[in-house]
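This structure is a prediction, so every number in the text was calculated from the model and none was measured. Just so you know, these numbers use all the heavy atoms, side chains as well, and skip hydrogens, waters and symmetry mates. Here is the naming used below: chain letters follow the sequence lines, and residue numbers restart at 1 for every chain.
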There are 2 protein chains.
Amino acid sequence: MTEHHVLELERFLPYRLSILSNTISQAIAREYEQRFELSVTEWRVMAVLGRYEGLSAVDVAVRTAMDKVAVSRALTRLVQAGRVKRTLADRDKRRSVLALTSKGWKIYDQVAPAALEHERQLLSTLDAEERAWLEKILIKLGTEGIGAMNAAVTTR
Amino acid sequence: MTEHHVLELERFLPYRLSILSNTISQAIAREYEQRFELSVTEWRVMAVLGRYEGLSAVDVAVRTAMDKVAVSRALTRLVQAGRVKRTLADRDKRRSVLALTSKGWKIYDQVAPAALEHERQLLSTLDAEERAWLEKILIKLGTEGIGAMNAAVTTR
DNA sequence: GCTTTATAGTTTCATTTGAAACCATTTGCA
DNA sequence: TGCAAATGGTTTCAAATGAAACTATAAAGC
């Protein structure tokens, strides 16, 4: 009598989060991908450069949680397309100093508001109380929750 | 004086969900990827086959939210490795009928409990009230929220 | 029954991705 | 100073991925 410990994918939190996240990201990306010929990775790079000027490639990688190879490739395309300006830091010739060009800003100024509007629409289905809980829960999962998972593994 | 409508990635819900989801999935996958030489897609296929016997490849694709090419490839490897048995349906020779082999079950019986344990650890940082809200919010976002986003786009 | 259309699944090809190796510059320190 | 280790970034190579074309079988229309 084999009794198996069954996992129901559709109730499994990591799976549900993955589906939800991908569906949301795709919905937003659909908007700008063909319209501006902009990949998700490129957009993420532009997004942080719109927020913080003068970052290096590694800084961008940290802020976007992308790996540096992906950032390097995205930057190559963005510089190529005249959307980002790259110069070398005076004091450290390894580091690049990055900023959106005016062409880059023009795209940013169309994509960023659209993205925020999407977020607003998404959240419009939650009331204030639910949003507050969501905020709290996301923070908790990100800080303690993931730590708890990893701790359970690495101590084995 | 150009005033830009700035998007802060670290406060942007889609981005935060993406990071959270990827971090969680990676933490779990790390566990079984080398240990069983099992990719995430392969594991997802095995997970639904552990839950429902006799599905076809398309059925698996629907339940895992993967595309059928990915499922086809995962199945090729799983059958190859003797972890899944594939036969043809009598009434419809196009459809395959899939099931875990005993070898497949052995792996399932190790991976599924580990995955559930990870989920438990992750959720252990939330109290009952928070978990209830999370459940409610996830459902709401998945049903209404995504619809609201898409509606806002397609009516433009 | 025969032809068109739909469905299940695989293969092909081009693109994306990631890990590791790599080059250049800078930093630490004997 | 001078040499080892670290850091910023790019390139290379192999594997993963996705779209579209393709094969085989089944269902529908006439």
**Student:** May I ask you to say what A/K68 touches in the nucleic acid, namely base, sugar-phosphate or nothing, with a heavy-atom cut-off under 4.0 Å?
**Tutor:**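 Base: the residue A/K68, judged by heavy atoms under 4.0 Å, touches a nucleobase.
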**Student:** Considering only residues two or more places apart or on different chains, which pairs with a residue in residues 119-150 of chain A satisfy ring-ring contact (aromatic ring centres under 6.0 Å, His included)?
**Tutor:**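 Counting only pairs at least two positions apart or across chains, the ring-ring contact (aromatic ring centres under 6.0 Å, His included) contacts touching residues 119-150 of chain A are A/W133-B/W133.
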**Student:** Looking at every strand, decide which applies to A/S56 at a 4.0 Å heavy-atom threshold: base, sugar-phosphate, or nothing.
**Tutor:**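 The answer is sugar-phosphate, as A/S56 gets under 4.0 Å only of primed atoms, P, OP1 or OP2.
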**Student:** Which residues satisfy the salt bridge (Lys or Arg N to Asp or Glu O under 4.0 Å) test with A/E8, sequence neighbours excluded?
**Tutor:**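 For A/E8 the salt bridge (Lys or Arg N to Asp or Glu O under 4.0 Å) partners, ignoring immediate neighbours, are A/R11, B/R51.
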**Student:** For the CD atom on B/Q34, are there more than 12 heavy atoms of other groups (residues, nucleotides or ligands in this structure) within a distance under 6.0 Å?
**Tutor:**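 Yes, enclosed.
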**Student:** For the residue pair A/D59 / A/S56, report whether a side-chain donor-acceptor contact shorter than 3.5 Å exists.
**Tutor:**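 Checked: A/S56/A/D59 side chains pair up, N/O donor to acceptor below 3.5 Å.
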**Student:** Is there a donor-acceptor contact under 3.5 Å from the side chain of B/T101 to the main chain of B/R83?
**Tutor:**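 Here the side-chain-to-backbone pair exists.
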**Student:** Is there a salt bridge (Lys or Arg N to Asp or Glu O under 4.0 Å) between A/E37 and A/R77? Walk through the geometry before answering.
**Tutor:** CA-CA 11 Å; A/E37 279 200 82; A/R77 289 189 299 267; over 6 Å; no
**Student:** Taking side-chain hydrogen bond (donor to acceptor under 3.5 Å, both in side chains) as the criterion, tell me which of B/E119, B/E117, B/H118 meets it with B/Q121.
**Tutor:**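 Only one option passes, and that is B/E117.
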**Student:** Do any pairs count as a ring-ring contact (aromatic ring centres under 6.0 Å, His included) and have a residue in residues 47-105 of chain B, sequence neighbours left out, and if so which ones?
**Tutor:**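 Qualifying pairs: A/H4-B/W105, B/W105-B/Y108.
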**Student:** Got a list of protein N/O to nucleotides 15-18 of chain D N/O distances below 3.5 Å?
**Tutor:**
residue, atom, partner, partner atom, Å
D/dG18, OP2, B/D67, OD2, 3.4
D/dG18, N7, B/R73, NH2, 2.6
D/dG18, O6, B/R73, NH1, 3.2
D/dG18, O6, B/R73, NH2, 3.4

**Student:** Rounded to whole Å, please give me the gap between CG in B/D92 and P in D/dA26.
**Tutor:**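 For the pair B/D92 CG and D/dA26 P, the rounded distance is 5 Å.
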**Student:** Hey, which of these two, B/V97 or A/R94, hits DNA chain C nearer its 5' end, going by closest nucleotide?
**Tutor:**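 So the residue in question is B/V97.
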**Student:** For the side chain of A/S18 and the backbone of A/P14, is there at least one donor-acceptor N/O pair under 3.5 Å apart?
**Tutor:**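 Judged by distance alone, no pair lies under 3.5 Å.
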**Student:** Looking at A/M46, A/E42, A/K106, A/Q110, which one forms a side chain to side chain contact (heavy atoms under 4.5 Å, CB included) with A/F36?
**Tutor:**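 When A/M46, A/E42, A/K106, A/Q110 are each tested with A/F36, the side chain to side chain contact (heavy atoms under 4.5 Å, CB included) holds only for A/Q110.
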**Student:** Using atom CZ of A/R91 as one end and atom C1' of D/dT7 as the other, report the distance to the nearest whole Å.
**Tutor:**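 One finds 15 Å between C1' of D/dT7 and CZ of A/R91, rounded.
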**Student:** Whole angstrom is fine here: how far is it from CZ in A/R95 over to C1' in D/dT7?
**Tutor:**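 Going from CZ in A/R95 over to C1' in D/dT7 covers 9 Å.
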**Student:** Under 4.5 Å between side-chain heavy atoms, counting indirect links through other Ile/Leu/Val/Met/Phe/Trp/Tyr residues: same cluster for A/V45 and A/V58 or not?
**Tutor:**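 Per the 4.5 Å side-chain linkage, A/V45 and A/V58 are not co-clustered.
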**Student:** Name the first nucleotide and the last nucleotide along DNA chain C (5' to 3') that come under 4.0 Å of a heavy atom in chain A.
**Tutor:**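 From 5' to 3', the first and last contacting nucleotides are C/dT17 to C/dT26.
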**Student:** For DNA chain D, please output the secondary structure as dot-bracket, reading 5' to 3'. Pairs are Watson-Crick or G-U wobble, both atom distances under 3.5 Å; mark crossing pairs with [ ], other-strand partners with |, unpaired with a dot.
**Tutor:** ||||||||||||||||||||||||||||||
